[in-house]
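Beneath this line is the structure, given in structure tokens, with notes to follow.
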Amino acid sequence: MGAMEQTFSQRVYDVVRRIPKGRVATYGQVAALAGAPRSARFVGFALHANPEPGVIPCHRVVFRDGSLAPGFAFGGPDRQRELLEEEGVAFVPPTGNAPCGADGWKVDLDRCQWRA
DNA sequence: TATCTGACTTTGG
DNA sequence: CCCAAAGCCAGAT
């Protein structure tokens with residue numbers, strides 16, 4: 001058995017699956033842990049390609065800015081925010097001048113970004 | 001084998 | 001402050 005080579009996508013799933021509850025990681029963070037600090041774009045692509053619903057907490061993966069994926073998320077960013085709140089993830093309100101994608105609410109990376 | 005695309009990220013206007 | 005473009009890597013066709 002020598003061929004144990006997993007595709008980058010499989011590796012991404014493995015990393016995302018290790019994200020503890022109540023913590024979030026950015027695409028770049030997952031990409032780095034997967035062994036490709038420059039393929040942040042591919043992280044999202046991998047999750048979209050085969051996200052094994054219920055097994056891979058793709059809702060814990062957010063943008064570098066703390067905002068969520070617009071439109072392509074599993075049912076909408078509103079759903080993602082609700083799931084994260086259920087896990088105890090802290091959110092930051094739109095300070096009044098923060099544009100942001102989803103609802104203006106962003107994940108508090110300063111407090112809830114996952115640390116390997 | 002080559003070409004294109006994409007759930008990102010960073011820098012510039 | 002907001003919008004746009006470029007760079008990046010790995011998979012799909």
Side-chain angles (χ1 to χ4, degrees):
Chain A
M1 329 317 218
M4 289 286 287
E5 286 138 57
Q6 299 176 99
T7 56
F8 181 71
S9 301
Q10 291 289 332
R11 195 144 199 156
V12 170
Y13 305 142
D14 190 41
V15 174
V16 175
R17 199 197 220 134
R18 285 173 190 179
I19 301 176
K21 177 178 166 194
R23 277 315 178 270
V24 293
T26 65
Y27 289 96
Q29 173 112 37
V30 175
L33 292 172
R38 264 130 194 168
S39 332
R41 320 178 74 188
F42 212 82
V43 175
F45 194 75
L47 293 174
H48 186 207
N50 188 6
E52 287 189 79
V55 182
I56 301 174
C58 38
H59 59 269
R60 286 181 192 148
V61 185
V62 300
F63 278 100
R64 196 55 158 115
D65 188 44
S67 44
L68 314 177
F72 279 93
F74 33 89
D78 286 318
R79 178 66 175 163
Q80 190 169 11
R81 177 166 81 79
E82 195 172 303
L83 288 169
L84 292 171
E85 273 195 327
E86 281 290 304
E87 301 200 342
V89 174
F91 271 77
V92 183
T95 57
N97 52 6
C100 313
D103 296 327
W105 287 72
K106 297 186 291 188
V107 179
D108 190 347
L109 296 174
D110 291 322
R111 291 176 36 153
C112 293
Q113 182 169 20
W114 176 42
R115 304 172 177 195

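So that the names make sense, note that chain A is the first sequence line, chain B the second, and so on, each numbered from 1.
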Upstream residue (5' side of DNA chain C) when Phe45(A) and Ser39(A) are each assigned their closest nucleotide: Ser39(A)
All side chain to side chain donor-acceptor pair (under 3.5 Å) counterparts of Asp14(A), not counting sequence neighbours: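 With sequence neighbours excluded, Asp14(A) shows a side chain to side chain donor-acceptor pair (under 3.5 Å) to Arg18(A), given in chain and number order.
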Those residues that, when tested against Glu86(A), pass side chain to side chain donor-acceptor pair (under 3.5 Å) (two or more places apart):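 Partners of Glu86(A) by the side chain to side chain donor-acceptor pair (under 3.5 Å) criterion come out as none, since no residue qualifies.
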Closest approach of Val62(A) to Ser67(A) (non-hydrogen atoms, all atoms of both residues): CB-O, 3.6 Å
Stepwise side chain to side chain contact (heavy atoms under 4.5 Å, CB included) check, Val92(A) with Val107(A): CA-CA 6 Å; Val92(A) 183; Val107(A) 179; over 6 Å; no
Evaluation steps, side chain to side chain contact (heavy atoms under 4.5 Å, CB included), between Phe91(A) and Leu84(A): CA-CA 9 Å; Phe91(A) 271 77; Leu84(A) 292 171; 3.6 Å; yes
Val43(A) vs Phe45(A) side-chain heavy atoms within contact, under 4.5 Å: no
Minimum side-chain heavy-atom gap Val15(A)-Trp114(A) below 4.5 Å: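 Yes, their side chains come closer than 4.5 Å.
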Quick one: [X] [atom1] to [N] [atom2], roughly how many Å, whole number?
X: Tyr27(A); N: dG7(C); atom1: OH; atom2: C1'; result: 19 Å
X: Phe42(A); N: dC9(C); atom1: CZ; atom2: P; result: 13 Å
X: Gln6(A); N: dG11(C); atom1: CD; atom2: P; result: 12 Å
X: Gln10(A); N: dA10(C); atom1: CD; atom2: C1'; result: 14 Å

Within residues 11-20 of chain A: residues closer than 4.0 Å to DNA chain B (heavy atoms):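 The stretch gives none, as no residue of it lies under 4.0 Å from the strand.
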Selection: residues 55-64 of chain A, any non-hydrogen atom under 4.0 Å of DNA chain B: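 Contacts with DNA chain B under 4.0 Å: Cys58(A), Phe63(A), Arg64(A).
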Euclidean distance, Arg115(A) CZ relative to Gln29(A) CD, rounded to 0.5 Å: 9.5 Å
Under 3.5 Å donor-acceptor pair, Arg41(A) side-chain atoms to dC8(C) base atoms: yes
Listed partners of Ser9(A) passing side chain to side chain contact (heavy atoms under 4.5 Å, CB included), at least two apart: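 For Ser9(A), the residues satisfying side chain to side chain contact (heavy atoms under 4.5 Å, CB included) (neighbours in sequence not counted) are Thr7(A), Tyr13(A), Phe42(A), Ala46(A).
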Short side-chain to backbone donor-acceptor contact, Arg60(A) and Ile19(A), under 3.5 Å: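 Yes; judged by distance alone, with no hydrogens or angles, the pair exists.
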Interface limits on DNA chain B, where chain A has a heavy atom under 4.0 Å of a nucleotide atom: dG6(B) to dT10(B)
